[in-house]
Asker: 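Before anything else, here's the structure in question.
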Number of protein chains: 2
Amino acid sequence: MTSRQATRTKLLDAAEDLFFTRGIAATPIDAVLERAGVSSATLYRAYSSKEALVAAVLDRRHAAWLSAWDAEIADAGSPTEALLCIFDANDAFRSGPRGARWCAFLNTAAEFADPPPQIAEVLERETRTYRERLTRLAGEAGAPDPAALADQLLLVASGELAMRLRTDATTSPARAVAAAVVAAALAP
Amino acid sequence: MTSRQATRTKLLDAAEDLFFTRGIAATPIDAVLERAGVSSATLYRAYSSKEALVAAVLDRRHAAWLSAWDAEIADAGSPTEALLCIFDANDAFRSGPRGARWCAFLNTAAEFADPPPQIAEVLERETRTYRERLTRLAGEAGAPDPAALADQLLLVASGELAMRLRTDATTSPARAVAAAVVAAALAP
DNA sequence: GTCTATATGCGGATAGAC
DNA sequence: GTCTATCCGCATATAGAC
């Protein structure tokens, strides 16, 4: 690994943790520099702006999240379980080393009412990916209207994440809600 | 109405709209002043800081939202309808003159990772109010575990709001999700 | 390629006149 | 009580040395 890549990794690690636990606007770029052990000029050589750094962090995180989700899907015993394991992936991601206060993507969407193109692109891609995958899994589970069930489950998953802003409860009723939704969708 | 109250109303109106459509941190206090047609010194005579203004706006909005919700509950035909009319109240509030980009309270919680006491208090009060009222309505609808159903519905309502960060769709699957949850909870 | 030092602009909040 | 003018600090980003 070149030293350029190592520097980028340090910056992304620091930024990811600070941005998504304290907030992006609330994190001065100096805090990222200090944690990464890197100077200002070095950061701006790697990323053209704070916004570009945000976009890069989201990009990497999106890929990591998809891997975690894929791993859970691969372990699922049935199509219905596969459909619900988005919640397992969320739990796993939260308790892992990349935990965020709630959700990195929703948080970014909340902080940028009118996001710059780089950021808008990764946010849209994330929502699109959710929809596409959930729709596919819903179809495989036999839902008569896979897209509708996918939208319902995306709402439930987003609701679980938003609830982290209200309470620090470790358990969530999300799975129960999702089970009711799936049962209703698959009922004859 | 004294002129002091009129000034406060103008400030609250301006701040409410700007804070919750553009974001709190993204709204400079000067933008509030300009829209309210008031000078800086006048604002700081009424509210000790930007944070105090945020707290005051949330206070007023909480009261307004409870009124809207109460009106919907009063119109409900059955206990089960009353339980679900939180979604009607959300729709009504959104299309009314106090629309926000998603949710004023969740947005504030997202922007302040460690909110000052004034703001923390009103945020906690809002979540508490939701839980208490939904629990009461769930009991009246005959749910065997009213608090559990209330938590599930709060998650669905929060999910609908969070989805506004992902899409500008005007229709939402929230009601369908809630109906499935209620049906599952009330089933024998 | 990385550091130190700094330019530049804007944020919230206040002083003092009227 | 409200305005104009201003203070002060901090944020992002850059220049220039090594």
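Predicted, not measured: the structure shown is a model, and the values here were computed from it. Below, read A as the first sequence line, B as the second, and so on, with proteins coming before strands; counting in each chain starts at 1.
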Asker: Is the Tyr130(A) ring parallel, tilted or perpendicular to the Trp65(A) ring (thresholds 30°, 60°)?
Answerer: tilted
Asker: Going 5' to 3' along DNA chain D, between which two nucleotides do contacts with chain B fall, using a heavy-atom cut-off of 4.0 Å?
Answerer: dG1(D) to dT4(D)
Asker: Base, sugar-phosphate, or nothing for Ser40(A), non-hydrogen atoms under 4.0 angstrom?
Answerer: base
Asker: Please check this pair: side chain of Glu111(A) against backbone of Ile24(A), looking for a donor-acceptor N/O pair closer than 3.5 Å.
Answerer: yes
Asker: In whole angstroms, how far is the C1' atom of dC10(C) from the NZ atom of Lys50(B)?
Answerer: 12 Å
Asker: Would you call Leu53(B) and Leu12(B) a side-chain contact if the rule is heavy atoms closer than 4.5 Å?
Answerer: yes
Asker: Write down the distance between CD (Glu34(B)) and P (dG11(C)), rounded to a whole number of angstrom.
Answerer: 12 Å
Asker: Reading DNA chain D from 5' onward, which residue's closest nucleotide shows up sooner: Thr42(B) or Glu51(A)?
Answerer: Thr42(B)
Asker: Does Glu160(A) form a side chain to side chain contact (heavy atoms under 4.5 Å, CB included) with Val177(A)? I'd like the steps, not just the answer.
Answerer: CA-CA 10 Å; Glu160(A) 175 179 27; Val177(A) 172; over 6 Å; no
Asker: Test your reading of the model: is there a side-chain donor-acceptor pair from Arg98(A) to the backbone of Arg61(A), 3.5 Å cut-off?
Answerer: no
Asker: Looking at DNA chain C, which of residues 10-21 of chain B put a heavy atom within less than 4.0 Å of it?
Answerer: none
Asker: Nearest whole angstrom, please: distance from the P of dA13(C) to the OH of Tyr47(B).
Answerer: 15 Å
Asker: Give the rounded distance in Å between these two atoms: OH of Tyr44(A) and P of dA7(C).
Answerer: 17 Å
Asker: Looking at Arg166(B) and Leu155(A), would you say the former's side chain and the latter's main chain have a donor-acceptor pair under 3.5 Å?
Answerer: no
Asker: Between CZ of Arg101(A) and CG of Leu161(A), what distance do you get to the nearest 0.5 Å?
Answerer: 12.5 Å
Asker: State whether the side chain of Glu51(B) and the backbone N or O of Ile119(B) hold a donor-acceptor pair below 3.5 Å, judged by distance alone.
Answerer: no
Asker: Want to settle it: does Thr27(A) or Ala41(A) sit nearer the 5' end of DNA chain D, counting the closest nucleotide to each?
Answerer: Thr27(A)
